[in-house]
Structures are given as C-alpha cells and as structure tokens.
2 protein chains.
Amino acid sequence: MQDIADKLGLSKGTVSLVLSGKAKGSRVSEETCRKVKQMAAEMNYQPNEIARSLSTGKSMSIGVVITDISNEFFGNLTFHIQEQAKKYGYTVITSNTNESPEEFYDAVTTLLNKQVDGIILVPVDEGQEVLLKIMKRNLPVVQVDRYYPDIKANYIIIDNYKVSRDVIEVLIRKGLQRIAVVCYDINLNALTDRRQGYIDALDRHGLLDPALIKNINYENQEEEIKRAIIDLKNNPDKVDAIFFCSRRVFITGVKYMHREGIKIPEEMEVVCFDEIDSFSITNMPITYIKQPIRKMGEKAVDILMEQMSGIDEIKECVFEAEIEYSI
Amino acid sequence: MQDIADKLGLSKGTVSLVLSGKAKGSRVSEETCRKVKQMAAEMNYQPNEIARSLSTGKSMSIGVVITDISNEFFGNLTFHIQEQAKKYGYTVITSNTNESPEEFYDAVTTLLNKQVDGIILVPVDEGQEVLLKIMKRNLPVVQVDRYYPDIKANYIIIDNYKVSRDVIEVLIRKGLQRIAVVCYDINLNALTDRRQGYIDALDRHGLLDPALIKNINYENQEEEIKRAIIDLKNNPDKVDAIFFCSRRVFITGVKYMHREGIKIPEEMEVVCFDEIDSFSITNMPITYIKQPIRKMGEKAVDILMEQMSGIDEIKECVFEAEIEYSI
DNA sequence: CTGAAAGCGCTTACAG
DNA sequence: CTGAAAGCGCTTACAG
C-alpha cells in the first residue's frame, strides 16, 4: 500500500480506502480511485489479511471442531459449512477431536488464539468446560449433532428420539416383533435418545426384551459388535431385525451378519442410522435414517453470522430426520 | 502483555520473551520468568496469534485445497494432513474446488492473502496458472494425487499406471479374458495413467477390445455409467470383469449391475480403484486398489515443512499402491 | 538481566 | 476530496 501511495503521490490511508472498497460516496474522487486500482493491478498488489485482521479485530475465519473429518457424516457436514461460510466471505479452519476431551480443549484453544470470529463444534463427552470457555470470551458458538443439556447455548440437532421411535414403529407395523438395537454406550444425548426412542416404541407394544439391547464400548467395538451379532443369531427366539444406531456400527454389524450367514432381509432386516453413500453396492434392502446434513451445516453458519452481527438470542434448532429405503 | 508488564513493573518486551518461550539461557532471570508465568495464568492471558503472525511473518497455518472434503478419499487425506500438521504446531485451512478452475483460483488467492506458510493442493484441470502464482510468491507448495507434468514442482502421487496394469494382469492370470474399463474422460494423469495401464496389460496378451473401454463424462456420469453397464451386459461376447477407475464410478456402476441382474462375481468380477470403508456391507468379493493415504498425507506435510525451513530441492514422490481383496 | 523503541501492514477517527 | 497519525498486539534488534 505504501508503495502504491508513493508512486501515486497519495497517502496510505487513501489507498487503503479504495482497495478495501470503502471509497464509495464522495469520499474519494473517481479519478483517484481509478488510478489506485490500476496501479494496484500493475504492481500485483495482494492484501495482507493478517494485518487487516489485527487492525479490524475480525479474522474473517471460523473454526469447526468435529470428531473426525474422515467420517462420512462429518465430511458432509463440513463441506456444507464451508460452502456456506464461503458465501459470507469466511474461511474455515477445521480440527478433529477423535472424541477426546484433551484434543477438544487443544483444538478450541488454538482456534481462540487464532482469533476466529466464531466456532461450530461437535461436543465431546466431558467437554463442558471447553464450551464455557468460549462463551466467557463472548465468542459466538454453535453446537451441532449433540449438545450439553446443562448449558444454555446454541445448538442444532435432529430429533433423535422421535425418528428412532418412528422407525421402530414402521418395523412393527410391517409385522416384525423381535427387534434388536446395537448402540454405543457413550453418554451423549444423540445416542441415548436413539436408544430411548427404540425402547419406548417397543415397550408401547409390549415387545421390549432387554436381551435384545446391545451396548457397545467404543474402544473395543469390532469385537463387541461381533459378539452381539453372534448372540442375536443364537437367541432362542428368532430376532427379526436389528437397529444400528450409527454408521460405523452398521457397517461392522452387517459384516458379521454376512460372516454368520444371516440372510438380509429374509432372516433379519436392518436399519441404519445415517445414510451411507455406497448403500447401492449391496443389493439388499436397507431402511435408513437420513439427517438433513446440508440444512444443518448451513443453519449453523447462519446462526453464527447472526450472532456475530450482535443478535444474541439463543437458538435451539431441532430438525426432523427422514426414514428412507435404499431400494 | 502490557497489563502483565504493568502489574509486575516490567517491560512488554520481557514479558513477551518469557511467554513466547524465548527466555532460555541467562536472558531472563528465573525469578522474573516465574512471576510472569504466574501472573499470566492469574490474569488468564491468551496470546493473540494474529499479532504474532504479523510480527514474525509466519502464520503457523497451511492451506489444503482439495476437490471435495465430503469425498472419502479426500476426507482421509485431509485427516492425516491435519494430524501431521498438528505435530509441527500448524493449523490447517481447507477448501474445496469441486474440480472448477475458478474455485481453485479463488481458494488459493484467499489462502495467499491469509498468509499461509505453505499449500498442499490437488491440481484441477486447467489450473496451471494457479500453481505458478504460488511458486512466484516463493511459497512452499506440494501437489497431491495428481500433478501438472509441464511444471517443475513438488508432487506426491502413486504409480497409477503400474498398479492398474498389475491388477489387470492378476485378472488375466485368473483366467479372465474379456475385461472392461469404466473411467472418467478427464484429462488428468491420474486417470489417463489408469486407463493406459489397463490398455497395455490387455494389449500385451492380445486381449484388447476397444468396445470394452467406456469413457464417462463427469457431468453426466449417472446416465453414462448406466448406459455403459447395459452395453457391456449386452455385448455378444460375454464380459468377464469390469475395472472401475474410481470410487464414485464403482458405486454407481455396481448399482446398475445389480439393477441389470448381473451376478457378481459369478457372471462378472469387479475391481475398484480406491478403498471404500463400507465394502463389508456387501458380501460379494471385490478386488480393490489401496493407496497409502496416510503416508501420502504425512509426506505432503513433511515436504512442506522441509521447504519452509529453506531446503528447496524439488521432490517428486511416487508411492506404490496395493492390490487387496474385500473378502 | 532488562528497557525503550521500531516495525509488521493494515484501518480509521480526526483535521483540514 | 485527502493527509497525518495513532493504534491493533505482538517480536526483536539494539542499548545499557
């Protein structure tokens, strides 16, 4: 900027005005404006956003903290967040927690120090302090996919309870009676709600059987899911269907169903929470629950932008998920 | 920092020294050091990395420009890049090109203005200028997955030609003769090499038949893949196998194979370029090509760091991919 | 061992 | 319509 100003015999301030687009109105003459722009192009001027950020106090970037970017659900979510942020002129810094509270803390601390203008995050078990730290700084933040019920903060989720209950109702209406659930034992509402929806639906029809509820430890999932499948296969009363509470559990579960020679859907039907883009590589029918990922990602950004512009009413968004069929 | 200095009757400079970890040696007394740290903790001091960046000229962040973060391959790649960057204390800003040269240009321009210390990118067709722009700035950059052959720059790829030729050889050795290929018609070496590997292997055995080469237009892929499958099914000489040159093509292709009632592997075998984490939801055998994604991502970061530290020898890394079986 | 000062590249009141 | 100056929060020679 100084160089441009020198060449043109202008001041740095004037150059700044036109290059940052604040030259409208009668502030700077058309003539000057034109000359500055031309010279900037000639000298191949590129603005330094870091300097601008320090000066304005806005970094024009937002932080996104998710479990794991290589997971299809979060990959999709991040994609839509990024595309939406781009529309507002914002850039996105992502980081992974791998469900660890330490990594969660580190990720957020780094983002805060980088002076992001807002944060979208997927809460981690035992990570309440981290969310509070952001809020104490008065920085806009929105939780996605899960939320801490004890903290009054923005969140966007789907109605996990309702859609889980509904999908089980659908199976019951089809005549299936013995329905199992395979779910992580993690203490997060997204998961507990899914399990509870299942329980209530079956209970209402007097079909609940505790032996059909399989809770899986996250660390040791492969082994535990395998055992759950074998167990369900060997249940003296034939099991009609299995409701898998998340993508990974479904994939592993179905793998072992194949290994055990369980015919899908003839012997057992399957339900998957979340869509998998490669459902079509198998030709068996899968009932699945589809979250409105795009809407969720876009909404998260919209809320963030609203809050950045000063509105600080807390938003608690609950979207509806849909029940769909792969074939 | 000023506040801490004031409270302690020290200068800002001294505080900066200890808080940025440059107080080693005899530079600052142990006593002062201790007091500063304690006060910083008490006052809950959080460094402003933006200010530091402006001062040091290093942003401690790198840019990653990929096709689409919601794609499993790029999601995995990005994950490993992020984890590796974290080890070096770097943060990652990602953006998607959706294969568009305009978005590619915009993404890189934004990153440059944000003063990233280096860029890892997946080249886009017709995007040479963008890469040159980065290099003109003397900013470290490494291409991943593909590269522009006319530009002397770092890249990390796998030997697409060799592994494609090898996988076809494997099929031939198994006794399969009529092998088809379904591949995008995009003019990028990753894709053209795969097709050429296929062609050369078959040619060597006198098994090449142009009717079995199906080039797919990216924009209209669903329809074109469908037509290709029907066409192959109706080929008067039975087709024994199909080599799908990428993940998406495979998923769509297999979908239509199921729709057309083609039995896999009894009637036709299938080969997929790239691993899909949900292969196991189907119980048919799939031959696939597995890229060392983790090594590629880590290496990309390593090279970037090397170049940032002044080494500017150009690295052209070619990794080997492996042939694997889903069952 | 510590302080005073300049500088990183911008923006933005304030004067004129 | 334009300029001079202060300031954003750090770092880093340079003195002492």
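What's counted below: heavy atoms across the whole structure, side chains too, no hydrogens, waters or symmetry copies. Each chain gets a letter, A, B and so on, in the order its sequence line appears, and its residues count up from 1.
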May I have the distance from A:M1 (atom CE) to C:dT12 (atom C1'), rounded to whole angstrom?
12 Å
Report the residue (B:P47 or A:E30) whose heavy-atom-nearest nucleotide on DNA chain D is the more 5′ of the two.
A:E30
Using a 4.0 Å heavy-atom cut-off, does A:Q115 contact any base of the nucleic acid, only the sugar-phosphate backbone, or nothing at all?
nothing
If the test is side-chain contact (heavy atoms from CB on, under 4.5 Å), which one of B:T91, B:I93, B:I120, B:T94 qualifies with B:I62?
B:I120
d(NZ, B:K12; P, C:dG7) in whole Å
14 Å
More than 12 heavy atoms of other residues, nucleotides or ligands under 6.0 Å from CG of B:D312: yes or no?
no
Below 3.5 Å, does any donor atom in the side chain of B:S55 face an acceptor in the base of C:dG7, or the other way round?
yes
Which residue, B:E313, B:Q307, B:E306, B:Q143, forms the side chain to side chain donor-acceptor pair (under 3.5 Å) with B:N154?
B:Q307
Whichever of B:T32 and A:E49 has its nearest DNA chain C nucleotide further upstream toward 5':
B:T32
Around atom CZ of B:F319, are there more than 12 heavy atoms from other residues, nucleotides or ligands closer than 6.0 Å?
yes
Can you check whether A:T14 has a side-chain N or O nearer than 4.0 Å to OP1 or OP2 of D:dG3?
yes
Atom-to-atom span, CG of A:N48 to C1' of C:dG9 - whole angstrom:
6 Å
Expressed as a whole number of angstroms, how long is the span from A:K58:NZ to C:dT12:P?
12 Å
Complementary nucleotide of C:dG3, counting Watson-Crick and G-U pairs under 3.5 Å
D:dC14
Quick check for you: among C:dG9, C:dT11, D:dT11, whose closest atom lies nearest to any side-chain atom of A:S20?
C:dT11
Can you establish whether the number of heavy atoms outside B:K37 located under 6.0 Å from its atom NZ is more than 12?
no
Whole angstrom value for the distance that separates P of D:dC1 from CG of A:L8:
17 Å
Nucleotide nearest A:L54 (side chain, heavy atoms from C-beta), chosen from C:dG9, C:dG3, D:dA4:
C:dG9
Round to the nearest Å and state the distance from B:R34 atom CZ to C:dC1 atom P.
15 Å
Does A:S53 reach a base, just sugar-phosphate, or nothing at all? Heavy atoms under 4.0 Å.
nothing
Give A:I50 one of three labels, base, sugar-phosphate or nothing, depending on what nucleic acid heavy atoms sit under 4.0 Å from its own.
nothing
Starting from C1' on D:dT11, measure out to CG on B:L10 and report it in whole angstrom.
17 Å
Calculate the interatomic distance between A:Q2 atom CD and D:dG3 atom P; express it in whole Å.
11 Å
Side-chain N or O of B:S16 versus OP1/OP2 of D:dT11: is the shortest distance under 4.0 Å?
yes
So B:T56, base contact, sugar-phosphate only, or nothing? Heavy-atom distance under 4.0 Å.
sugar-phosphate
